Amino acid sequence: VADKLNFTYTLQFSRDGGWGSVDQNGSWNGGVRDILDGEADIGGAFFTASFIRSTVVDFTLPLVETINTFFLKNPKAAYSWTSFIKPFNEFTWYILAIMIIICTFSLTILAHLAKEKNIKEF
C-alpha cells in the first residue's frame with residue numbers, strides 16, 4: 001500500500017510504553033500522548049475507544065471486535081446434588097431453618113387471631 005500510494009512509515013512503540021490514560025495531574029501518557037505531541041500521526045493498539053480518549057483523539061470504526069472470556073476449572077464437587085448447599089456455612093443453614101420455623105409459627109398465630117376477630121386482611 002505504501003508503494004502504491006507513495007508514502008513511508010515507521011512502526012514504533014509509545015515512548016513510555018503505555019496505552020494512553022490520564023495522569024493524576026490531567027496530562028495524557030502512552031500512545032495518546034505521542035499523538036498529541038506530534039511524535040506519531042496515527043496510532044494502532046488494542047485498547048478501548050473510551051469517551052475520555054475520544055475528547056482528545058479521533059477513532060476509526062473498529063476493524064475487528066473480539067470478546068474476551070475467562071475459563072475456570074470447575075471443582076469435581078460442582079457436579080454433586082449438594083452443590084447448592086456449599087456456598088453457605090453450617091451456621092447460616094441453622095439460622096435459615098430457625099427463621100423458617102419462626103415465620104411459620106408467627107403466620108399461623110396471626111391467621112388464628114384474624115379468624116377470631118373476623119379480620120379479612122392483615
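Bear in mind the structure is a predicted one, so any value in this text is a computation, not a measurement.
Side-chain contact between Phe7 and Val1 is present, with at least one heavy-atom pair separated by less than 4.5 Å. Taking the side chain as every heavy atom from C-beta outward, Val22 and Arg53 never approach each other to under 4.5 Å.
For the atom pair CD1 (Ile98) and CH2 (Trp93), the distance works out to 14.0 Å, reported to the nearest 0.5 Å. Rounding to the nearest 0.5 Å places CD1 of Ile100 at 12.5 Å from CZ of Phe105. Distance check, rounded to the nearest 0.5 Å: CD1 of Ile95 to CD of Glu90 gives 11.5 Å. Note: Asp23 CG to Asn29 CG = 4.5 Å, rounded to the nearest 0.5 Å. For the atom pair OH (Tyr9) and CD1 (Ile42), the distance works out to 12.0 Å, reported to the nearest 0.5 Å. To the nearest 0.5 Å, the span separating OG on Ser14 from CD on Glu39 amounts to 11.5 Å.
Within 6.0 Å of CG in Asp58 there are 12 or fewer heavy atoms belonging to other residues, nucleotides or ligands. Counting non-hydrogen atoms of neighbouring residues, nucleotides and ligands closer than 6.0 angstrom, the CZ atom of Phe88 reaches no more than 12 such neighbours. Other residues, nucleotides and ligands contribute more than 12 heavy atoms inside 6.0 Å of the CG atom of Asn89. Other residues, nucleotides and ligands place more than 12 heavy atoms under 6.0 Å from the CG atom of Asn25.
Note: the hydrophobic cluster containing Leu11 also contains Leu5 (ILVMFWY, side chain heavy atoms under 4.5 Å, direct or indirect links). No path of Ile, Leu, Val, Met, Phe, Trp and Tyr side chains, each step under 4.5 Å between heavy atoms, connects Trp19 with Phe13, placing them in separate hydrophobic clusters.
Side chain of Asp34 to backbone of Ala40: no donor-acceptor contact under 3.5 angstrom is found. Checked by atom type and distance alone, the side chain of Ser106 pairs as donor or acceptor with a backbone atom of Ile102 at under 3.5 Å.
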